[in-house]
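Shown next, in structure tokens, is the structure this report addresses.
Just follow the structure's listing: the first ligand is 1, and inside any ligand the first atom is 1.
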Amino acid sequence: MKVFKFGGASIKDVAAIKNVAQIIQTYQDQPLLVVVSALGKTTNALEDVLRAYYEQDAPLLKEKLNVVKKSHLQILEGLFKPTHPVYDEINDIFVDLEWILEETPVDTYGYLYDQIVSNGELLSTQIVAAYFNKIGLHTTWLDVRDCIATDNTYQEAEVDWELTYNNIQQTVPPLLEQGIVLTQGFLGGTSENFTTTLGREGSDYTAAIFSYCLDAESMSIWKDVSGVLTGDPRLFDNMTKLEQLSYGEAIEMTYYGAQVIHPKTIRPLQNKQIPLHVKSFIDPSGSGTVIAQYEQLDYPPMLVVKPNQTLLKITSKDFYFVDEAKFAALFTLFAKYRIKVNMTQNTALAFSVCVNANRAQVQLLAQEIEADYSLETLEGLKLITLRYPNAATMERFDNGRVVYLEEKIRDTVQLVVDSEQVL
Ligand code: ADP
Ligand code: ASP
Ligand code: MG
């Protein structure tokens, strides 16, 4: 069997959904599980709804909710006659959502995030499944929350692999015998039946979880680019497509910020040696990029940029070295406050770390270490990672820019620079 994942851009309007259905039609002779994200930018729109709700701004909430309703209604009208039962299904989801939004928010932001923002995928999958069935693709809509079991770390839930494996093995194979199985990306469910989310852009990861649990022969993620390119085409011109990429290289690229694949996607696939195809939904017959267990490929220079970085310079107040025990204690705090460390450098008395963190997280860290360390913070930076740089790429990036932190190890050069600096 194969697993396909279609992201928001691939189902952003009526024409796009019809295009996805056409792609599916060419693969319908084989067992297929399809993972779908929310339509277009719905997740952002639902985040706006959540913020308005949390701030109890009633007029804004109404306005933001209407944006979501309108975009879904427009797509429904473009795909179905007014008598189609899918209108009721979509209406029911909005009724449930409004039910939540009428209450005063008492729960944590994270919990509410997952109960509200998850509706994007519930809506999109009902629409896409109904459309597939309408055009004769026999499709079962599967509630992913009955399959992917997670803990209750809302917004970044951890998968319980054993439970998830059993759920998927029990539920999915009989459904695949009847036709296409279509389910939601990004979501999971706790043992108490609360909805969770796996982190923004997490639908790629969902597809990898199903691929792993079903021993898929391959997984394909369908994107608006021809495959994995040597750099983000929104930032750089003339990027070329990579035909092949090893799992290890893909992990490096996504970890350092290549947004084309969610970083958690690769590991489950690598564990079972399942190839990952990154394909274009605009040019479905194109070769795309194949990510698999390749050894010793020759790579061209590749560029990865991770925005929204913060540099923390932590200096020992008592002039004692920042030694191993102190590193251990500091890293325990990073983990405690979910501060993601991307690059480090140390001298005898100071430790510099480039991290993903918001102000609140840094504030909590600062409070805990203030007795022993002074902390300098620099926000609004980006981390540039160059893999296999050649003379031309080095020249381009070294060229007179202010670099706050720099590291060169074998095939990788990393630079922390101001966000304002032109690349
Ligand atoms: P999805 O619709 O599945 O969520 P995304 O929009 O998240 O897909 O990812 C695809 C986008 O990733 C592309 O449109 C492209 O702008 C961006 N991107 C960033 N880095 C790369 C890269 N190295 N190769 C290809 N695309 C990249
Ligand atoms: N819809 C979610 C998001 O936009 C998950 C995804 O698209 O992968 O983050
Ligand atoms: Mg995306």
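When only interatomic distances are considered, the shortest N/O to N/O separation between Arg234 and ligand 1 falls below 3.5 Å. Here's the thing with Ser10: none of its N/O atoms is less than 3.5 angstrom from an N/O atom of ligand 1. Not a single N or O atom of Thr230, backbone or side chain, sits closer than 3.5 Å to an N or O atom of ligand 1. In terms of N/O distances under 3.5 Å, ligand 1 is not approached by Pro233. For ligand 1, one of its N or O atoms has an N or O atom of Lys5 under 3.5 Å away.
Side-chain N/O atoms of Asn152 and Tyr111 include no donor and acceptor closer than 3.5 Å.
Distance alone, capped at 3.5 Å, is enough to place a donor-acceptor pair between the Asp114 side chain and the Thr197 backbone.
At least one heavy atom of Gly8 sits closer than 4.0 Å to an atom of ligand 1. Residue contacts with ligand 2 include Glu121, since one or more of its heavy atoms lies under 4.0 Å from the ligand. Under a 4.0 angstrom heavy-atom cut-off, Gly7 registers as lying outside contact with ligand 2.
Note on Asp48 versus Lys41: no salt bridge recorded, every NZ/NE/NH1/NH2 to OD/OE distance being 4.0 Å or above. Looking at Arg338 and Glu156, no side-chain N of the basic residue comes within less than 4.0 Å of a carboxylate O on the acidic one, giving no salt bridge.
The contact set between ligand 2 and Ser203, taken as ligand atoms under 4.0 Å from a residue heavy atom, comprises 5 (C), 6 (C), 7 (O), 8 (O). The distance from ligand 2 to the heavy atoms of Ser37 drops below 4.0 Å at these ligand atoms: 6 (C), 7 (O), 8 (O).
Judged by the 6.0 Å distance and 45° axis criteria, Lys5 is not positioned over the aromatic ring of Tyr205.
With a 4.0 Å heavy-atom cut-off, ligand 1 is reached by the side chain of Glu201 but not by its N, CA, C or O.
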